[in-house]
Structures are given as structure tokens and as C-alpha cells.
There are 2 protein chains.
Amino acid sequence: MSNRVSFKAVQAFEAAARLSSFALAAEELFVTPSAVSHQIKFLEDQFGVQLFHRIHRAVVLTDAGRSYAEEISAAFARIEAATRDLGRVTKSDILTVHSTPSFATQWLMPRIARFSARNPDIDVRLNASKEAVDLVAGPVDVDIRYGPKNIQPAGIKTVVFPTETIVPLCSPALANGDHPIHFPEDLRHHALIHSEVCLVGWRDWMRKHRDVQLDLQRGLRFDRSFMSISAAVDGLGVCLESLLLVQRELDTGRLVAPLGLDGLKVQGYTFNVLKSSADLPKIRNFHDWLFSEMMGTDSRG
Amino acid sequence: MSNRVSFKAVQAFEAAARLSSFALAAEELFVTPSAVSHQIKFLEDQFGVQLFHRIHRAVVLTDAGRSYAEEISAAFARIEAATRDLGRVTKSDILTVHSTPSFATQWLMPRIARFSARNPDIDVRLNASKEAVDLVAGPVDVDIRYGPKNIQPAGIKTVVFPTETIVPLCSPALANGDHPIHFPEDLRHHALIHSEVCLVGWRDWMRKHRDVQLDLQRGLRFDRSFMSISAAVDGLGVCLESLLLVQRELDTGRLVAPLGLDGLKVQGYTFNVLKSSADLPKIRNFHDWLFSEMMGTDSRG
DNA sequence: GCGAATAGATGAGTTGAATTCATGTGAGGA
DNA sequence: TCCTCACATGAATTCAACTCATCTATTCGC
């Protein structure tokens with residue numbers, strides 16, 4: 001069988017063939033010329049083919065030896081190159097996470113360092129875009145999507161996020177300014193900030209507060225939540241956003257929830273991975289970390 | 001350095017990666033699972049990169065391990081294929097000899113078995129054609145050429161053959177038939193066979209025998225000596241050929257030299273090899289054998 | 001839930017494949 | 001002619017790689 005190949009012997013032969021000398025090969029391999037001689041004799045005896053001509057005080061490859069050497073030299077070079085590369089790698093796994101821009105900016109970015117610290121062997125890469133990615137085709141391991149669950153392609157495992165709470169948010173200056181906000185109707189005095197892709201908007205909020213009449217035409221409109229949040233931080237109005245995305249702003253006091261932290265409930269985000277890779281340690285670790293981190297956040301919020 | 005790679009360890013890793021199991025890899029390598037575990041741990045420690053995830057009761061490649069495994073698997077497959085091929089090779093050297101068709105047919109063919117018998121490790125291949133071959137470009141080791149020495153390309157070593165003797169030859173039936181041939185003038189009664197590429201022809205012979213008038217227009221014409229010889233054997237006339245090419249026919253009595261074995265002297269054949277390969281054992285052996293064989297032949301002729 | 005079974009990890013002890021050492025051979029150069 | 005160099009070869013030695021014994025963690029069957 002092929003596993004009867006002595007790689008030691010092949011290695012010795014490769015060096016000797018390349019250097020056309022047993023002595024130089026021995027030097028390269030940090031052994032004595034005798035060892036090289038033994039190994040090559042062993043190879044020749046095993047296959048019954050002479051690989052070197054021993055002439056005067058040198059060795060010359062036979063045709064069989066030359067063609068064999070050409071083949072294995074290339075293979076050895078490849079192994080050595082791969083091994084050299086391996087030495088340069090410091091992380092054993094690469095975790096590529098794709099998500100919507102808002103989730104990436106508002107939730108993942110502030111927290112991902114914590115994941116990396118707990119998983120030093122995982123090299124995390126974050127991508128963000130509006131479009132869902134093809135997990136089968138691409139190098140992306142995890143896709144965090146927002147919106148109604150479409151028909152899932154076979155082979156994709158989808159885990160829904162915990163229900164989010166959507167509340168009006170604004171800068172503290174706005175909430176405590178000339179027109180302080182204490183009750184829903186106080187919003188009449190302020191500009192509304194609309195997030196167009198959000199599953200729930202001011203229209204849904206008004207269904208819960210039928211006594212308050214707000215002009216839905218008013219205000220800024222953004223197609224990304226993180227822009228609405230940024231506008232709210234800048235005091236441009238009141239946005240209606242998920243607490244999931246504004247933890248950082250609430251913690252640092254850049255935003256406040258003038259009407260409290262209770263509000264509309266919605267389930268929008270999903271965690272998507274290939275079924276076949278769902279059990280990989282890097283995926284499990286990320287999944288478990290993400291959901292436990294989110295639970296912690298929720299309990300605080 | 002790269003030679004600090006333990007190929008044993010890489011081999012163990014390759015098998016384990018391919019089989020996704022230390023136990024199966026151990027079985028394949030005829031060792032215990034413990035040995036595989038040790039080797040892979042050694043590799044991981046040496047490069048500081050985890051190659052496998054140890055989960056529940058199985059092992060799964062890390063990303064680093066997978067990319068490494070892909071590289072080395074290909075290299076290992078190549079080594080094993082080359083080694084398998086090596087096992088099928090029985091001769092360590094291939095000697096490719098090209099010559100003119102006549103020398104191949106008349107001299108080499110009958111004798112080459114003797115060379116092979118004395119050099120069982122050399123696989124001899126004979127090619128014959130009128131054209132000189134490009135020793136630099138092609139797989140041909142030796143080219144035996146006929147004719148005036150052209151300007152030699154650099155890097156070609158040319159050895160001239162011993163001087164040949166050219167004499168009239170015919171079948172015994174013709175020599176002892178109705179018009180027996182004992183003296184040059186007896187040839188008048190017979191058809192002459194002409195070899196067009198020969199360096200000497202009947203015209204040259206007549207210069208040596210000015211008293212004999214022969215009609216040079218008569219007779220068969222061939223562009224290869226072996227055809228002329230074959231025609232003479234068939235009793236179609238008298239050819240003028242080198243003793244070098246008719247040893248076999250003289251020995252078996254199919255041809256006779258009615259006017260004796262002395263005649264025109266000519267030096268036509270050359271032995272051509274690459275200077276760079278002239279000292280290869282297979283070339284030296286062939287060269288030495290060929291010239292010693294020719295000397296033996298000459299001393300007999 | 002509990003124990004049995006499985007797959008691998010680990011450290012100590014053992015072994016034999018590979019190495020060194022001592023010596024031999026033969027060709028080439030001083 | 002002798003010396004030197006490069007490799008060959010057989011016996012002795014060694015240490016890298018293996019086995020063994022034991023341990024851990026997880027799964028599976030009951």
C-alpha cells in the first residue's frame with residue numbers, strides 16, 4: 001500500500017536529488033551522509049529501481065530518479081509552503097458575519113470586541129449591507145437579517161431574535177427643552193423621524209395611542225435605522241426605534257426614552273446559518289454569545 | 001526552517017483530516033489512536049494554531065486546519081502517485097537512440113539485444129529516420145548520422161566511426177552462376193545496384209578500376225542502403241556497400257563479396273550526443289559498447 | 001436520570017526505525 | 001604512488017515515535 005512509503009526516505013532522496021550530493025543533503029537535513037546513503041539505498045531496494053548512478057566521487061540521477069524527483073520536489077515545495085503559511089496564521093478560525101447596516105453599527109460593533117476577547121482563536125470579520133447574502137455560495141458564516149421571514153432555502157437554519165421593544169426616543173435636550181415630553185400627546189410639538197424599513201412605524205404607534213393626533217407627513221425620513229438614531233441624537237426630532245439598537249446611546253445619555261421603556265413589541269431580526277455549519281464551534285460560540293449578550297441587554301433595558 | 005517539519009506529524013494530520021477521525025487515521029497508519037493524537041498535538045503546539053476542534057466525541061477541522069489539509073492532501077496524493085509509478089518502473093534509465101534507417105536495420109537491430117543483456121537497467125528505444133534529430137529539444141540521447149559533417153551546433157559532441165570498407169556484394173547464386181564474378185571486369189555481365197545517399201558509388205569504384213567499363217545508367221537505384229542490400233540478397237544485381245552494414249548477410253551466407261573484402265575506404269557515420277549528457281552512465285555505456293562491438297566486427301571483416 | 005460506551009487527551013514507559021560510528025571501496029588529483 | 005574525497009556498509013546506539021494505562025467529556029440506551 002501507499003502508506004508503506006517512508007517519508008523520511010523520500011525526503012532524503014528529494015534533498016539529495018536537488019543538491020546532487022548525499023553530503024550536502026545530509027548537511028541540509030542535519031544528519032550524517034551515512035544516514036542519507038542508508039535511506040536512499042532503502043528506497044532503491046524497496047522499489048527495485050536505481051535512482052542514482054554512483055560515479056567517481058559524485059552521484060547522478062538516473063532517468064527514473066529524475067522523473068521521480070521532479071514530481072516529489074513540487075509536492076514537497078507545496079507542503080513546505082503550506083506549512084510556512086500555517087506558521088503565520090494566528091487564529092484557527094475565521095468567522096464572517098454579515099448583517100444589516102443598522103444592527104452592525106448599533107449592536108454588533110460596540111460588542112464584538114467582547115466576543116473576540118472571549119474567543120481569541122477566532123478571527124472575526126464583519127460585513128454589512130441591505131441585501132441578504134448567499135450563505136451557500138459565499139464565505140459568510142452568519143447572516144443577521146431583518147424583516148419578514150421569506151421562504152427559507154433548504155439547508156439554512158434560522159433562529160429568531162427575542163422580541164424587541166420599540167419606543168420613541170430623542171435627545172435629552174429635546175425631552176427636557178421648551179416642549180418637554182412626558183405624555184404621548186407632547187409629541188405633537190416635535191418633528192417625527194421615520195425609518196422606512198422598520199417593521200413598525202409611527203402609524204403603528206398611533207394605533208396604540210388613538211387619542212393622540214400626529215402629522216405623519218412631518219419629519220425626516222431615512223431608509224436605515226442607524227440614520228434615524230443619529231438624527232435623534234443630533235436633536236433633530238423623535239425617532240421610533242428598537243431598544244436593541246440604542247443601548248449604547250441610552251447608556252451614554254445621548255438618547256432618552258421620554259415615554260418609558262415599554263412600547264410596541266416586534267420580532268424582526270433573524271440569525272441565519274447553514275444547517276451544515278450550525279454545529280461548528282465558531283458558529284455555536286457566536287450564536288450562544290450573541291443570544292446571551294442580547295438577553296443581558298434585554299434584562300437591563 | 002522548513003526542514004523542521006515533522007513529516008510523520010503532517011502525515012498523521014492528513015489522514016485524520018481526510019477521515020475526520022483520529023481513530024480511523026490510526027487504523028490507516030497501523031498505529032494506535034494515541035499516536036495520532038500525540039502527533040497532531042505536536043503539530044498544533046509547534047505552530048501555535050489549533051487544527052481540530054474537539055467536540056463531543058468527534059473532531060472537526062478548524063478553518064486553518066481545513067485550508068492546510070487541502071494543500072497538503074494534494075501534495076501527498078502527488079507523492080503517493082509518483083511513488084506508485086516508481087514501483088512500476090523496472091529500468092532505471094531510458095536510452096533513446098536515433099539513427100539512419102540503414103544503420104538501424106543492418107547494424108543496430110541485430111546487435112542491440114547484446115547491449116540490453118549487458119545493461120539490464122537500461123530501457124533501449126530505437127528510432128530511425130533520414131533526418132537528423134534535435135538532441136537539445138527532444139528525448140533522443142544519441143543520434144547516429146551519416147554523411148559529411150555539417151557545422152555542429154554548440155553543445156553537441158561528435159565521435160566519428162572507424163573507417164568503413166566498401167566492396168561489391170551479391171548473392172552467392174549470382175557470384176557462382178552463369179557469369180561467375182572473379183575479377184572486376186566480370187561485373188559487366190551484371191546489373192548494378194545504386195545507393196543514392198552513399199558517400200561513395202560505382203563512379204568512385206570505377207576510378208579505382210579504370211580498365212573496367214561499366215554502364216552507370218544500368219540497374220536499380222535506391223535511396224537507402226538497406227534496400228540495395230535487400231535487392232542484392234534477392235539476386236537482383238551487385239551492390240556496392242559498406243561491410244559495416246552487411247555483417248549479418250555475410251555471416252549467414254546470403255551475400256558474398258566476390259572481389260574480396262578489401263576496397264574503397266570511407267568515413268561516413270558519426271556518433272552524436274549532447275556534451276552535457278556525454279558522461280551519463282547510460283551514454284558512456286552505449287558509446288563504449290558500440291565502438292567495441294564495431295572493432296570486433298572490423299577485426300572479423 | 002444513571003450507567004455504559006465511545007472518542008479523544010495525556011503522561012510515563014518502551015521500542016525499533018533511523019541514525020551514528022567505524023571502516024571499506026574506488027576514482028581522481030598532487 | 002599515495003592521499004583525499006564521496007559514498008557504501010554493517011554493527012552499535014539512540015531518541016523520536018509509539019504503546020499502555022489512565023483520565024475526561026459526551027452521547028446513547030435503558
Side-chain angles (χ1 to χ4, degrees), chain A residues 1 3-46 48-62 65 69 92 121 278-281 284-285 288, chain B residues 3-46 48-62 65 92 121 278-281 284-285 288:
Chain A
M1 266 294 136
N3 49 18
R4 292 292 83 203
V5 184
S6 163
F7 279 88
K8 275 256 163 57
V10 177
Q11 188 173 213
F13 169 71
E14 192 274 336
R18 181 160 33 79
L19 301 166
S20 288
S21 159
F22 288 10
L24 292 178
E27 203 176 304
E28 181 174 296
L29 299 170
F30 301 117
V31 295
T32 57
S34 176
V36 175
S37 175
H38 277 294
Q39 287 300 327
I40 289 170
K41 181 176 159 50
F42 173 76
L43 254 193
E44 289 181 329
D45 288 352
Q46 183 175 27
V49 182
Q50 212 184 338
L51 297 169
F52 281 102
H53 290 295
R54 278 75 166 182
I55 50 174
H56 52 85
R57 50 195 204 181
V59 285
V60 179
L61 282 167
T62 62
S92 55
D121 276 350
D279 284 329
L280 285 179
R284 284 193 81 104
N285 284 354
D288 293 350
Chain B
N3 48 19
R4 293 291 82 203
V5 184
S6 162
F7 279 86
K8 276 258 162 57
V10 178
Q11 189 174 213
F13 168 71
E14 191 274 337
R18 181 160 34 78
L19 300 166
S20 288
S21 160
F22 288 10
L24 292 178
E27 202 175 304
E28 181 174 295
L29 299 169
F30 301 118
V31 295
T32 57
S34 178
V36 175
S37 174
H38 277 296
Q39 287 300 328
I40 288 170
K41 180 177 160 51
F42 173 76
L43 253 194
E44 289 181 330
D45 289 351
Q46 183 176 26
V49 181
Q50 211 183 338
L51 297 169
F52 281 103
H53 290 294
R54 278 74 166 180
I55 49 173
H56 51 85
R57 54 195 202 178
V59 286
V60 179
L61 283 168
T62 62
S92 54
D121 276 350
D279 284 328
L280 285 179
R284 286 191 79 103
N285 285 353
D288 294 352

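Numbered from 1 within each chain, the chains take letters A, B, ... in sequence-line order. These numbers come from the heavy atoms of this one structure, side chains and all, not from hydrogens, waters or symmetry mates. Small disclaimer: the values here were computed from a predicted structure and weren't measured.
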ask   = Between C:dA9 atom C1' and B:F52 atom CZ, what is the distance in whole Å?
value = 14 Å
ask   = Would you say B:Q39 reaches D:dC18's phosphate, i.e. side-chain N/O to OP1/OP2 under 4.0 Å?
value = yes
request  = Quickly work out the B:E27 CD to D:dT19 P distance and round it to whole Å.
outcome  = 13 Å
task = Starting from the C-alpha separation in whole Å, work towards a yes-or-no answer on side-chain contact (heavy atoms from CB on, under 4.5 Å) for A:Q39 and A:V36.
result = CA-CA 5 Å; A:Q39 287 300 327; A:V36 175; 5.8 Å; no
query = In whole Å, what is the span from the CD1 atom of B:I40 to the C1' atom of C:dA7?
reply = 13 Å
key: A:R54/A:E44 salt bridge by N-O under 4.0 Å criterion   = yes
request  = Have a look at B:A35 and say if it touches a base, only the backbone sugar-phosphate, or nothing, with a 4.0 Å heavy-atom cut-off.
outcome  = base
query = Tell me: CG of B:L24 to C1' of C:dG8, nearest whole Å?
reply = 13 Å
remark   = Judged by nearest nucleotide, the residue sitting upstream toward the 5' end of DNA chain C, B:S21 or A:K8, is B:S21
key: Flag if over 12 foreign heavy atoms under 6.0 Å of CD, A:E27   = no
inquiry  = If you compare all heavy atoms of A:F42 against all heavy atoms of A:S6, which two are closest, and at what distance to 0.1 Å?
reply    = CE2-CB, 3.8 Å
Produce the list of close N/O pairs, under 3.5 Å, pairing protein atoms with atoms of nucleotides 8-13 of chain D; give distances to one decimal.
unit_1, atom_1, unit_2, atom_2, d
D:dA8, OP1, A:R54, NE, 2.2
D:dA8, OP1, A:R54, NH2, 3.0
D:dA8, OP2, A:S37, OG, 2.6
D:dT9, O4, A:S34, OG, 2.8
D:dG10, O6, A:H38, NE2, 2.9

d(CZ, B:F13; P, C:dG8) in whole Å = 14 Å
request  = Could you tell me the separation between the CG atom of A:L29 and the P atom of D:dA16, rounded to a whole number of Å?
outcome  = 15 Å
query = Taking CZ from A:F7 and C1' from D:dA16, how many angstroms apart are they, rounded to a whole number?
reply = 18 Å
ask   = Between B:P281 and A:I55, which heavy-atom pair has the shortest distance, and what is it?
value = CG-CG2, 3.8 Å
ask   = Do B:Q11 and B:L29 have side chains that get closer than 4.5 Å, going by heavy atoms?
value = yes
key: Whole-Å distance separating the CZ atom of B:F42 from the C1' atom of D:dC15   = 13 Å
message = Treating B:S92 as the side-chain partner and A:T62 as the backbone partner, does any N or O pair qualify as donor plus acceptor under 3.5 Å?
response = no
